[in-house]
Amino acid sequence: AVILGPTELGYYSLAMLIAIFGLSFCSLGLYEGSLSTFPLMYGQGKKKETEILRNKTSGFILLFSTVLIILSFFLAFVYPFQDINHRIMIIVCAIFSGSQLFLSFLLGDIRSRLMTLQFGWLMFCRSGFSFVIGVLAAIYFGFLGIIVGEIFISIILICFVIHYRMEKY
């Protein structure tokens with residue numbers, strides 16, 4: 001609150017609220033259901049069926065969230081907002097929700113395969129980077145800097161996890 005000020009803190013809180021609800025809406029409850037279903041299926045030895053179901057679920061959610069992100073961009077450019085910050089916030093929140101959803105799926109797959117140490121290490125790195133980049137971005141760029149920093153961290157982790165999974169599997 002001291003770094004951002006009341007107005008920017010309000011924008012940041014609203015952006016996080018939109019992103020969290022967007023993330024929940026985009027997954028349609030499938031992500032939450034997969035967190036409990038996939039480990040059970042792996043435990044029952046149904047690796048092939050689990051991967052098919054994971055791919056179908058991930059594909060549907062990513063397609064649905066992509067459509068919503070495109071609609072968010074369209075809304076941001078077509079709707080006559082009086083303040084440019086509203087347009088920017090909608091675009092950044094849409095990108096943030098999409099990147100968080102994709103990262104959640106990748107990390108959920110690591111967690112469901114009982115790779116606890118890798119999952120813990122990735123979450124530790126994410127938390128550390130989020131703290132450092134978040135504070136620096138807040139000082140220099142305000143609330144948009146924090147959100148863009150989170151998007152940047154998510155994209156880096158997505159690239160790392162995809163590269164790691166390609167080497168491992």
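Each residue takes its place number in the sequence, starting with 1.
Between the CG atom of Leu63 and the CG atom of Leu68 there is a distance of 10.0 Å, given to the nearest 0.5 Å. We find the OG-CD1 distance between Ser130 and Ile153 to be 4.0 Å, quoted to the nearest 0.5 Å. In this structure, CD on Glu51 lies 13.5 Å from NZ on Lys56, to the nearest 0.5 angstrom. Atom CD of Glu49 and atom NZ of Lys47 lie 12.0 Å apart (nearest 0.5 Å). Separating the CD1 atom in Ile146 from the CZ atom in Phe141 is a distance of 12.0 Å, to the nearest 0.5 Å. Separation of atoms CD1 (Ile155) and CD (Glu150) is listed at 11.5 Å; rounding is to 0.5 Å.
In this structure, Leu157 is not a member of the same hydrophobic cluster as Phe124, with clusters built from ILVMFWY side-chain heavy atoms closer than 4.5 Å. A chain of hydrophobic side-chain contacts below 4.5 Å, direct or via other Ile, Leu, Val, Met, Phe, Trp or Tyr residues, connects Ile133 to Phe160. One hydrophobic cluster, built from ILVMFWY side chains closer than 4.5 Å, holds both Val92 and Ile84. A continuous path of Ile, Leu, Val, Met, Phe, Trp and Tyr side chains, each step under 4.5 Å between heavy atoms, connects Phe77 with Ile95, placing both in one hydrophobic cluster.
Residue Phe96 forms a side-chain contact (heavy atoms from CB on, under 4.5 Å) with just one option from Ile151, Ile91, Val148, and that option is Ile151.
Heavy-atom minimum distance, Ala76 versus Ile90: CB-CG2, 4.1 Å.
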Before you tell me yes or no, could you show the steps for Leu75 and Leu71 under side chain to side chain contact (heavy atoms under 4.5 Å, CB included), namely the whole-Å CA-CA distance, both residues' side-chain angles and the distance that decides it to 0.1 Å?
CA-CA 6 Å; Leu75 171 72; Leu71 287 175; over 6 Å; no
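Residue pairs meeting the side-chain hydrogen bond (donor to acceptor under 3.5 Å, both in side chains) criterion with at least one partner in residues 131-147, sequence neighbours excluded, do not occur; the list is empty.
Of the possible donor and acceptor atoms, one in the side chain of Arg87 sits under 3.5 Å from a partner among the backbone N and O of Tyr79.
Within 6.0 Å of CZ on Phe64 lie more than 12 heavy atoms contributed by other residues, nucleotides or ligands.
The side chain to side chain contact (heavy atoms under 4.5 Å, CB included) test applied to Val132 returns Leu136, not counting sequence neighbours.
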